Number of protein chains: 2
Amino acid sequence: MSSSILVIDDEQDIRVLIKYNLEKEGFVVSEAANGEKGLEMAVQQVPDLILLDVMMPGMDGIETCEKLNAIPGLKHTMICFLTARGEDYSQIAGFEAGADDYITKPIKPKLLVSRISAILRRKGAAGTDVNNDSTDNKEKSITIDRERYLISKEGNEMFLPRKEFELLALLMSKPSKVFHRDVIMNSVWGADVVVGDRTIDVHIRKLREKIGDTHIVTVKGVGYKFEE
Amino acid sequence: MSSSILVIDDEQDIRVLIKYNLEKEGFVVSEAANGEKGLEMAVQQVPDLILLDVMMPGMDGIETCEKLNAIPGLKHTMICFLTARGEDYSQIAGFEAGADDYITKPIKPKLLVSRISAILRRKGAAGTDVNNDSTDNKEKSITIDRERYLISKEGNEMFLPRKEFELLALLMSKPSKVFHRDVIMNSVWGADVVVGDRTIDVHIRKLREKIGDTHIVTVKGVGYKFEE
DNA sequence: ATTAATAGATAACGTTAAGTTAACACGAAT
DNA sequence: ATTCGTGTTAACTTAACGTTATCTATTAAT
């Protein structure tokens with residue numbers, strides 16, 4: 001369950017600092033000294049999160065980020081920039097390039113860990129919508145766009161409240177797979193939250209109301225699944 | 001897609017050095033040995049970026065820069081000074097004359113390339129004032145001009161206080177993307193600053209007051225996004 | 001067929017996140 | 001010293017959202 005993190009930075013000191021602090025917290029950390037190597041490792045490892053220095057000789061962070069985003073397999077990898085304080089324009093360019101967050105140097109270990117946890121938490125809610133690239137293409141009547149927080153049903157986009165969105169995202173993360181009620185509970189609500197039995201049902205109903213009854217199938221005594 | 005760069009410097013060594021290094025990176029580079037020639041070529045070629053030596057016999061860099069800025073066709077050309085380290089006055093005078101950035105000599109090739117990439121990125125990014133000139137695009141009702149620190153709403157320019165400006169700039173850096181509250185917090189306020197929950201809201205409200213309610217969309221429990 | 005278990009439906013309810021407003025604090029400019 | 005612009009806080013309101021309660025329908029087991 002420990003998340004994997006790839007650090008791409010030309011300065012060895014920084015890499016070591018980050019690695020040390022994150023491994024102490026139980027993350028699996030790998031490192032690359034430049035953009036090219038980073039891309040290569042990212043493709044191989046498919047980490048959960050990439051920490052990416054903006055200012056690097058050769059291929060800089062922005063460029064690397066754009067390349068990373070172009071790789072389908074890394075669709076669900078979060079990218080977080082490391083920027084020197086003051087380079088504010090890079091914040092802007094960074095988000096344009098497709099970053100999810102950024103952390104400013106100098107890096108404070110405590111802060112680093114809490115930021116990273118926050119980012120991974122955000123990702124976690126995303127579920128892993130591992131759309132198996134194989135046999136993909138058939139017209140999907142429903143798609144989810146986490147970045148814009150919209151779903152699209154037969155072309156028309158619509159907004160869903162958070163719980164409904166996360167619930168749908170989870171079910172759609174692996175179509176046809178049955179998600180047990182307690183898995184849904186843990187995934188969408190969290191392990192510590194305690195809510196009643198009917199809560200899931202109600203959200204399922206609201207979802208069916210919006211996307212149609214055909215997609216979400218009840219497997220009695222087990223859970224729910226999403227069908228195209 | 002490769003950017004064109006004009007180098008104006010009286011020293012041939014420098015011109016050659018720069019040209020060599022930039023062409024290696026795929027830029028299209030032309031050169032001029034003095035201000036007059038530089039102006040002429042700038043008008044002809046309309047490069048994306050002009051590298052301009054400050055200390056030149058005859059018409060110096062500052063003067064050349066002012067002339068360049070007076071030419072309407074070069075409105076979207078970035079100007080970057082080349083200054084010897086220590087001539088700090090040039091930083092001041094340079095920006096006054098309308099420069100966008102400067103690079104100090106002696107020039108380190110690696111740094112040169114990354115600075116130039118950054119400048120050109122800024123041109124692409126911040127200068128959303130890509131308006132008209134070219135029979136172009138869909139009416140953007142709002143644009144931001146970081147250099148002059150102004151936004152423009154349906155033609156009329158207005159000033160925004162810093163926090164509001166940065167907030168809007170962030171949201172507009174990727175329209176339709178939902179920015180989480182903590183990302184906004186970090187981006188506009190900084191990771192270490194601690195302010196109350198309602199601070200973001202208040203600034204959002206002030207923005208909506210000024211640019212209209214239609215643009216900034218709340219995604220409850222998630223964050224905010226900008227829509228055209 | 002009867003019962004028990006499980007899910008569907010609906011509306012009421014409570015909670016939480018965001019909106020709103022005014023007041024306050026601070027620094028820069030006058 | 002005073003004013004003004006800016007940013008933050010506090011206190012309250014509003015509305016969206018999520019949860020619960022209750023009842024009904026369906027399915028599975030005996």
Side-chain angles (χ1 to χ4, degrees), chain A residues 88 118 121-122 125 149-151 158-171 178-227, chain B residues 149-151 157-171 178-227:
Chain A
D88 8 61
R121 208 174 305 127
R122 231 147 58 203
Y149 224 83
L150 293 173
I151 69 158
M158 54 171 68
F159 167 79
L160 292 182
R162 202 175 72 202
K163 282 269 144 55
E164 287 166 47
F165 188 94
E166 298 301 346
L167 176 52
L168 180 62
L170 175 66
L171 295 179
V178 181
F179 290 85
H180 291 254
R181 278 173 158 265
D182 52 342
V183 172
I184 294 175
M185 205 64 233
N186 270 293
S187 212
V188 180
W189 276 263
D192 34 4
V193 187
V194 227
V195 290
D197 286 13
R198 301 271 65 73
T199 300
I200 290 178
D201 307 36
V202 172
H203 285 283
I204 289 284
R205 184 187 142 269
K206 285 180 184 162
L207 266 178
R208 294 211 250 238
E209 214 165 57
K210 285 167 187 166
I211 67 171
D213 293 349
T214 52
H215 292 291
I216 298 175
V217 180
T218 304
V219 182
K220 233 182 153 147
V222 185
Y224 297 92
K225 63 175 172 172
F226 179 89
E227 298 283 5
Chain B
Y149 222 84
L150 293 174
I151 69 158
E157 296 185 326
M158 55 170 70
F159 166 79
L160 290 182
R162 198 172 89 231
K163 282 269 142 55
E164 287 165 48
F165 187 93
E166 297 301 345
L167 177 52
L168 181 62
L170 175 66
L171 295 179
V178 178
F179 289 85
H180 291 251
R181 274 173 162 263
D182 55 341
V183 172
I184 294 175
M185 204 65 232
N186 274 294
S187 205
V188 179
W189 277 264
D192 33 7
V193 186
V194 217
V195 290
D197 283 12
R198 300 272 64 73
T199 301
I200 291 178
D201 307 38
V202 171
H203 285 281
I204 289 283
R205 182 181 148 276
K206 285 179 185 162
L207 266 178
R208 293 212 250 238
E209 216 164 55
K210 285 167 187 165
I211 67 171
D213 293 350
T214 51
H215 292 291
I216 298 175
V217 180
T218 304
V219 181
K220 240 189 151 151
V222 185
Y224 297 92
K225 61 177 169 173
F226 179 89
E227 299 281 7

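As a basis for the values below, the full set of heavy atoms in this structure was taken, side chains included, without hydrogen atoms, waters or symmetry mates. In what follows, chains carry the letters A, B, and so on, assigned in the order in which the sequence lines appear, proteins first and then strands, with residues in each chain numbered from 1. Everything numeric in this text was worked out from a predicted model, so none of it was measured.
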Which nucleotide of DNA chain D is the first, and which the last, in the 5' to 3' direction, to come under 4.0 Å of a heavy atom belonging to chain A?
D:dC17 to D:dT27

Of B:T199 and A:W189, whose nearest nucleotide on DNA chain D comes first from the 5' end?
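Mapping each residue to its closest nucleotide by heavy atoms, the 5'-most match is B:T199.
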
DNA chain D: A:V193 or B:V195, which has the more 5' nearest nucleotide?
B:V195

Measure up the B:F159 and B:Y149 rings against each other and bin them: parallel (under 30°), tilted (30 to 60°), perpendicular (over 60°).
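Rings of B:F159 and B:Y149: tilted, as their planes differ by 30° to 60°.
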
Measure across B:I184 and B:L170 and return the closest heavy-atom pair with its distance rounded to 0.1 Å.
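Taking B:I184 first and B:L170 second, the nearest heavy atoms are CA-CD2, 3.9 Å.
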
Pairs involving residues 197-223 of chain A, ordered by first then second residue, that meet ring pair (Phe, Tyr, Trp, His ring centres under 6.0 Å) (sequence neighbours left out):
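The answer is A:W189-A:H203, A:H215-A:F226.
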
Testing B:V202, B:V188, B:L168, B:I200 one by one against B:K163 for a side chain to side chain contact (heavy atoms under 4.5 Å, CB included), which residue passes?
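With B:K163 as partner, side chain to side chain contact (heavy atoms under 4.5 Å, CB included) holds for just one option, B:V188.
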
Before you tell me yes or no, could you show the steps for A:L207 and A:L160 under side chain to side chain contact (heavy atoms under 4.5 Å, CB included), namely the whole-Å CA-CA distance, both residues' side-chain angles and the distance that decides it to 0.1 Å?
CA-CA 9 Å; A:L207 266 178; A:L160 292 182; 3.8 Å; yes

Any side-chain to backbone donor/acceptor pair from A:R162 onto B:V222? Under 3.5 Å, distance only.
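A pair under 3.5 Å: no.
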
Quickly work out the A:I216 CD1 to C:dA9 C1' distance and round it to whole Å.
15 Å

By the definition side-chain hydrogen bond (donor to acceptor under 3.5 Å, both in side chains), identify the one residue from A:T214, A:T218, A:D213 that meets it with A:R208.
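For A:R208, the side-chain hydrogen bond (donor to acceptor under 3.5 Å, both in side chains) test succeeds with only one of A:T214, A:T218, A:D213, which is A:T218.
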
Test side chain to side chain contact (heavy atoms under 4.5 Å, CB included) on B:V195 and B:M185 and set out the steps.
CA-CA 9 Å; B:V195 290; B:M185 204 65 232; 2.9 Å; yes

Sugar-phosphate or base contact per nucleotide [nucleotides 17-25 of chain C; S, B, -; heavy atom under 4.0 Å]:
BBBBB----

Under 4.0 Å, counting only non-hydrogen atoms across every strand here, what does B:F159 touch: a base, just sugar-phosphate, or nothing?
sugar-phosphate

